[in-house]
Amino acid sequence: LWLTAFVVKSFVQARPFIFVDVETLSRSVSYLIRQQGSDGSFPLVGMVHHSGMKGGLQGDVARTAYVLTTLVEAERVTWDKLQAAPAIVRTAKTRAQGYLESQLESISDNYTLALTAYALGLSKSRLAGRAVELLVARADTGSGIMWWTDSRATQSS
């Protein structure tokens with residue numbers, strides 16, 4: 001699921017520069033949408049043999065945030081009468097956004113929170129500002145700069 005979302009997002013972003021078959025994109029987006037849970041999340045489907053490829057994605061919230069960014073990108077494609085019609089993409093996007101909004105206050109991982117804040121901002125969520133507030137509250141600061149540590153590493157020590 002993650003890899004499909006990654007490829008769709010990459011191909012949508014590459015369309016201004018190279019030919020990308022819209023029908024293939026449509027089938028891939030339709031596949032993503034069919035995997036969406038009733039709560040709006042995108043659960044684990046399949047297997048990633050090398051977890052380093054996922055770039056830190058862990059759990060349904062992070063995966064849903066990543067897929068939501070893909071759906072926002074996919075909305076920009078002219079689908080014509082293909083499988084992934086704009087209304088279907090919009091509905092899946094709205095459901096994913098709702099799921100992330102419902103999980104926002106319980107996110108413990110900084111990477112997941114950053115990805116969620118990004119996804120909510122892209123999707124113009126009413127809680128995008130709150131996500132950024134939560135993220136800024138977790139930041140370390142010094143010498144006029146702000147940074148975040150891997151909260152998973154600090155939780156396990």
Side-chain angles (χ1 to χ4, degrees), residues 1-18 20 25 28-29 31-77 84 86 89-157:
L1 184 76
W2 169 83
L3 188 56
T4 302
F6 176 80
V7 170
V8 167
K9 186 175 183 178
S10 299
F11 280 178
V12 167
Q13 292 173 341
R15 282 189 75 224
F17 310 104
I18 63 170
V20 176
L25 275 179
S28 298
V29 170
Y31 167 78
L32 288 173
I33 291 170
R34 284 193 309 273
Q35 306 313 308
Q36 191 171 32
S38 60
D39 62 355
S41 69
F42 286 90
L44 181 63
V45 175
M47 175 184 225
V48 175
H49 295 282
H50 181 2
S51 62
M53 286 179 58
K54 296 190 301 181
L57 280 183
Q58 286 191 318
D60 289 354
V61 175
R63 194 170 25 264
T64 300
Y66 191 83
V67 174
L68 177 55
T69 66
T70 298
L71 294 175
V72 170
E73 294 282 345
E75 273 190 317
R76 300 176 186 166
V77 175
V89 175
R90 199 168 21 261
T91 298
K93 186 189 88 158
T94 300
R95 291 177 60 219
Q97 180 179 309
Y99 173 77
L100 293 177
E101 290 170 346
S102 75
Q103 301 298 309
L104 182 60
E105 299 292 334
S106 63
I107 297 172
S108 60
D109 174 57
N110 289 343
Y111 181 78
T112 300
L113 181 57
L115 188 55
T116 299
Y118 175 62
L120 292 177
L122 277 181
S123 65
K124 299 183 182 3
S125 164
R126 62 184 173 75
L127 293 181
R130 175 64 182 150
V132 172
E133 287 173 9
L134 290 169
L135 192 58
V136 169
R138 295 182 186 187
D140 294 313
T141 58
S143 302
I145 60 171
M146 182 182 295
W147 72 93
W148 290 262
T149 55
D150 184 348
S151 54
R152 290 171 295 187
T154 56
Q155 288 172 358
S156 63
S157 23

What distance do [X] atom [atom1] and [Y] atom [atom2] have between them, rounded to the nearest 0.5 Å?
X: Y118; Y: L68; atom1: OH; atom2: CG; answer: 10.0 Å
X: L134; Y: I107; atom1: CG; atom2: CD1; answer: 8.0 Å
X: L100; Y: D60; atom1: CG; atom2: CG; answer: 10.5 Å
X: N110; Y: L115; atom1: CG; atom2: CG; answer: 12.5 Å
X: F11; Y: E73; atom1: CZ; atom2: CD; answer: 14.0 Å
X: T70; Y: Q13; atom1: OG1; atom2: CD; answer: 8.5 Å

Side chain [X], main chain [Y], donor-acceptor under 3.5 Å:
X: E101; Y: S125; result: no
X: T116; Y: T112; result: yes
X: R63; Y: S41; result: no
X: S143; Y: I145; result: no

Could you tell me which non-hydrogen atom of [X] sits nearest to which non-hydrogen atom of [Y], and how far apart they are?
X: T64; Y: G40; result: CG2-O, 3.8 Å
X: A65; Y: A119; result: O-CB, 3.5 Å
X: R138; Y: S108; result: NH1-O, 3.2 Å
X: A96; Y: F42; result: CB-CE1, 4.0 Å
X: S28; Y: V8; result: CB-CG2, 3.4 Å
X: A92; Y: Q36; result: O-NE2, 3.0 Å

Among K124, K9, K93, find the residue that satisfies the salt bridge (charged side-chain N to carboxylate O under 4.0 Å, His left out) test when tested with E75.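 Exactly one candidate clears the test, K93.
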Taken in chain and number order and not counting sequence neighbours, the residues that satisfy salt bridge (charged side-chain N to carboxylate O under 4.0 Å, His left out) with R130 are E105, E133
Take a 6.0 Å sphere around OH of Y99 and say whether it holds more than 12 heavy atoms from other residues, nucleotides or ligands. yes
Using side-chain heavy atoms (C-beta onward) and a distance below 4.5 Å, is [X] in contact with [Y]?
X: V12; Y: L25; value: yes
X: L113; Y: L104; value: yes
X: I33; Y: L71; value: yes
X: Y31; Y: L1; value: yes

Do the ring planes of Y66 and F6 sit parallel (below 30°), tilted (30 to 60°) or perpendicular (above 60°)?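 It falls in the parallel class, under 30°.
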Please identify each residue that fulfils side chain to side chain donor-acceptor pair (under 3.5 Å) with S123, with sequence neighbours left out.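 Scan of S123 (side chain to side chain donor-acceptor pair (under 3.5 Å), adjacent residues dropped) gives Q97.
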